[in-house]
*Asks:* 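Quick one: the structure is below, questions incoming.
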There are 4 protein chains.
Amino acid sequence: MTATTPDAPTPAGSSHQRRKAERPSELLDAALQLFVEKGFAATKTEDIARLAGVSKGTLYLYYTSKEDLLREVISQRVSTRIADGMARAAAHEGSATELMRTLLVDWWTQTLESDASGVFKLVVSEVRNFPEIGALWTDEVALPGSQLIGSMIQRGIDSGEFRPVDVHCVVHSIVLPLVMLCVHRHSLGACDCPGMSMEPQDFIRAHIDLVLRGLAAHPQP
Amino acid sequence: MTATTPDAPTPAGSSHQRRKAERPSELLDAALQLFVEKGFAATKTEDIARLAGVSKGTLYLYYTSKEDLLREVISQRVSTRIADGMARAAAHEGSATELMRTLLVDWWTQTLESDASGVFKLVVSEVRNFPEIGALWTDEVALPGSQLIGSMIQRGIDSGEFRPVDVHCVVHSIVLPLVMLCVHRHSLGACDCPGMSMEPQDFIRAHIDLVLRGLAAHPQP
Amino acid sequence: MTATTPDAPTPAGSSHQRRKAERPSELLDAALQLFVEKGFAATKTEDIARLAGVSKGTLYLYYTSKEDLLREVISQRVSTRIADGMARAAAHEGSATELMRTLLVDWWTQTLESDASGVFKLVVSEVRNFPEIGALWTDEVALPGSQLIGSMIQRGIDSGEFRPVDVHCVVHSIVLPLVMLCVHRHSLGACDCPGMSMEPQDFIRAHIDLVLRGLAAHPQP
Amino acid sequence: MTATTPDAPTPAGSSHQRRKAERPSELLDAALQLFVEKGFAATKTEDIARLAGVSKGTLYLYYTSKEDLLREVISQRVSTRIADGMARAAAHEGSATELMRTLLVDWWTQTLESDASGVFKLVVSEVRNFPEIGALWTDEVALPGSQLIGSMIQRGIDSGEFRPVDVHCVVHSIVLPLVMLCVHRHSLGACDCPGMSMEPQDFIRAHIDLVLRGLAAHPQP
DNA sequence: AATGAATGAGAATTCATTCAT
DNA sequence: TATGAATGAATTCTCATTCAT
């Protein structure tokens, strides 16, 4: 709402100019990193500014408050990844099983590895203090995402690939552990406690596979 | 040392005494509720005290600092539920499938409904600021819990009920969505955003069922 | 003003009774020790109570406030020693030189070694926060003491033993280092810094001797 | 790192800059005054700030804590005066008697009249709560000062001007009343109690004179 | 635009004093 | 009397935000 620099055509000016155009996004990167790591309340605006390489005062030239920064951080990171997922789903072809395996494994692997995974933890930690985050998340992420996966499952049921199941529940069985994986990466997984270690990519693959087996109408080899 | 203990008649003592005995746990309840709702940094000690029905100063009669309260909140709530789970597992009999279905559904349903579910969100949100929470959680919850579930899966594999699978991954497929359910209940789920709604008990049952089907060595009806 | 137990004839009751009678003075001892060591503001009433072997509440049965305790501590300790000094001076005989040497050396040696020495430091540290201490000290200690010493010097001048000097100044030359010795004992001297070490008794003797030589009307051997 | 330092013309800079340079010393002045008057524990940081003409928060831009302020107050004020004394001593010539009279009278008169005199009271009052003050004082003030005076006395003994005396004791006879004079100026002397009144300069002169007479090897006129 | 000194409301913690037992 | 749990005013220190330069 505050910063509206879509830095689309790269202003191509002097390095000073280019610098200016990138500031908002550098600040957002810094803010995301620290909000995810420490939480909103425990993050100091001065630390965000320092991490972005500017001074405390400069932050306020681009964002009106710390809370404004939080809103922007969440809507920016989220919208791009969701749009991306929708586009890929639309383009895909083949059986429901194959579609789900490819799409889900790819999208979640990439999400987990990108900064976007931190947003999951941030939302979990902060929604109750900032209700508008909940609305944003539900409308732009949770509902579209559920619908997308739900429609793929329904397609499999209709084609006879899958048993008739409660689509809603299965969506959760699929998605919740992957969301938790993202959350975990930025909480316990970021500590040096061993224990829960495991290759995330392997797990994503194995998990999708396990669920698809659970869904299958006919026994699998 | 000086006066002879005058609580002669009943160890229950006066209401004054009784109060003192209950305060720590009342404070812990209040602290858990607020820490889970707002996060550690955004919770004011005065609010904890007020919620527990005492004054600011009284809190410090029982806990040395806000951080001390955080530590206690986590270790207290956690230890009881884990001990409980271990005990039940030891007592159970029957096939691995049946054991897992009963035990997991019961334990997680109860956990989700109790205050203890909030601890999951709290740990997720605060580990990175308080590393000792990570150690505590890993040692007392994550490792024992994983081992317990892992041993049940292994038992099923050994008996031929289950396919040979990567036990570690399956443990995560089982547990992560249930953990996420707890986390969700205290984040987005506590907001009035609709969307993700669903009967948790139904989901727990359906999820365990889905996984057990995915594990089954022989096709299920 | 608050406690008026002159414990003169020792009530001779039970040990419980005797205890009660001694409380005020035990509290005063504890208060003096801690006030001298840490200063008034940095001393906690609870520490005073503990050191006196009673509970926080008991203290308030004998003294109305922490400040009340301060007043009592000072007037009690001081009055006795001053009265003692006056009495001895009155009883003494002989030359001014001999009188001064004996009296000053004895009185200051005893004062330095008793708890009373702490009162000097306490007064120095706290007068500006509690003006009534200043009045008390001036009236009951500084003026009587100066007068006593001044009259001894005057006696020596009148008899031709001493040069004619500014009596006022000499009183200070005599007294200030001895006061400072008391103050020092409870400040730097109580730390384990070496340096200023020296046998106080030797110094007292040497100092009085030095001054008497400075005063002498005729050269000394 | 980013901007090229724009204070090109004169390092004096704007009034904004000039202010920043003076703040630390203004804060130190305010802190010294209040610590000496009320003692460390009874001084409020907000009062220090107000006396220095800044807000509460500004104080913490320059000093990390109230205790830090105490340390700085002591080391700053002390080091300059001691260095000054050493320099003068080195420059002086003439008989030991003359040297001591001139140097001691001057240095102590100036010290008594400057803010530095307050440091004596402050150290006396606070050493036991802050042991590092003791070390600082011993190393930087007490030992160098004693040595300086001791060497002057020894010079007089060697030259036959003074009787052979215990140098250590005489140093104390000289210094303790002067230290006490400083202490007194900021304790009882600052109250409106009369009594101990006397022109400090006269006393300093008379005291040094008295001691020098006490030291003299040959009778004085 | 950028800086960083200054502000002051706000939060954690302490401690003298009270009072029910 | 004696106790010690409870209180809440007071104090230190922090940090989001402003603004002169």
Side-chain angles (χ1 to χ4, degrees), chain A residues 16-17 19-20 23 41-50 53-67 69, chain B residues 2-3 5-7 13-17 19-21 23 41-49 53-67 69, chain C residues 16-17 19-20 23 41-50 53-67 69, chain D residues 2-3 5-7 13-17 19-20 23 41-49 53-69:
Chain A
H16 194 281
Q17 288 295 321
R19 209 59 210 251
K20 230 180 329 191
R23 282 280 150 76
T43 297
K44 297 176 220 172
T45 52
E46 187 163 11
D47 289 344
I48 297 174
R50 184 174 325 128
V54 299
S55 75
K56 234 179 336 175
T58 301
L59 191 156
Y60 286 88
L61 294 174
Y62 295 95
Y63 298 93
T64 62
S65 69
K66 195 179 163 188
E67 199 176 329
L69 211 37
Chain B
T2 303
T5 49
D7 51 9
S14 62
S15 89
H16 204 267
Q17 292 298 316
R19 223 53 215 278
K20 177 168 162 55
R23 286 265 189 266
T43 296
K44 295 176 230 172
T45 52
E46 189 162 9
D47 290 344
I48 297 175
V54 299
S55 76
K56 231 178 341 170
T58 300
L59 191 157
Y60 289 90
L61 254 29
Y62 296 94
Y63 298 95
T64 61
S65 67
K66 196 179 163 187
E67 200 175 329
L69 211 37
Chain C
H16 194 280
Q17 288 295 320
R19 210 58 209 254
K20 231 181 322 192
R23 281 283 149 76
T43 297
K44 297 177 220 170
T45 52
E46 187 163 10
D47 289 345
I48 297 174
R50 183 172 330 125
V54 300
S55 74
K56 231 179 338 175
T58 301
L59 190 156
Y60 286 88
L61 294 175
Y62 295 97
Y63 299 94
T64 62
S65 69
K66 196 181 163 187
E67 199 175 331
L69 210 38
Chain D
T2 302
T5 50
D7 53 8
S14 63
S15 89
H16 204 269
Q17 292 296 318
R19 221 55 213 279
K20 177 169 162 53
R23 287 264 189 266
T43 297
K44 295 175 232 174
T45 54
E46 189 161 9
D47 289 345
I48 297 174
V54 299
S55 75
K56 228 180 342 170
T58 300
L59 191 156
Y60 289 90
L61 254 29
Y62 297 94
Y63 298 95
T64 61
S65 67
K66 195 180 164 187
E67 200 175 330
D68 182 30
L69 210 38

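Throughout, protein chains are lettered first and strands after them, A, B, ... in sequence-line order, and every chain is numbered starting at 1. Here the structure is a predicted model, which means the values were calculated and not measured.
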*Asks:* Generate the contact string for nucleotides 9-14 of chain E. Rules: B means base contact, S means sugar-phosphate contact only, - means no protein heavy atom under 4.0 Å.
*Replies:* BBSSBB
*Asks:* It should be established whether B:Tyr62 places a side-chain nitrogen or oxygen under 4.0 Å from OP1 or OP2 of nucleotide F:dA6.
*Replies:* yes
*Asks:* What residues form a salt bridge (Lys or Arg N to Asp or Glu O under 4.0 Å) with D:Glu67, not counting sequence neighbours?
*Replies:* D:Arg71
*Asks:* Round to a whole Å and report the spacing from CG of A:Leu59 to P of F:dT18.
*Replies:* 12 Å
*Asks:* Using the side-chain hydrogen bond (donor to acceptor under 3.5 Å, both in side chains) criterion, which residues pair with C:Ser55? Sequence neighbours excluded.
*Replies:* C:Thr58
*Asks:* Measure from the side chain of A:Ser55, starting at C-beta and using heavy atoms only, and say which of E:dA6, F:dA2, E:dG4 lies closest.
*Replies:* E:dG4
*Asks:* Under the rule for side chain to side chain contact (heavy atoms under 4.5 Å, CB included), what residues qualify as partners of B:Thr45, not counting sequence neighbours?
*Replies:* B:Leu59, B:Tyr60, B:Lys66
*Asks:* Give D:Tyr63 one of three labels, base, sugar-phosphate or nothing, depending on what nucleic acid heavy atoms sit under 4.0 Å from its own.
*Replies:* nothing
*Asks:* Name the stems with DNA chain F in them: runs of three or more consecutive Watson-Crick or G-U pairs, distances under 3.5 Å?
*Replies:* E:2-21 with F:2-21
*Asks:* If you pin D:Val54 and B:Leu61 to their nearest nucleotides in DNA chain E, which one's is more 5'?
*Replies:* D:Val54
*Asks:* In whole Å, what is the span from the CG atom of D:Asp47 to the P atom of F:dA10?
*Replies:* 13 Å
*Asks:* For F:dT1, does either OP1 or OP2 sit under 4.0 Å from a side-chain N or O belonging to C:Arg23?
*Replies:* no
*Asks:* Send over the distance from D:Asp68 CG to F:dT12 P, rounded to a whole Å.
*Replies:* 15 Å
*Asks:* State which residues pass side chain to side chain contact (heavy atoms under 4.5 Å, CB included) with B:Lys56; sequence neighbours excluded, sorted by chain then number.
*Replies:* B:Glu46
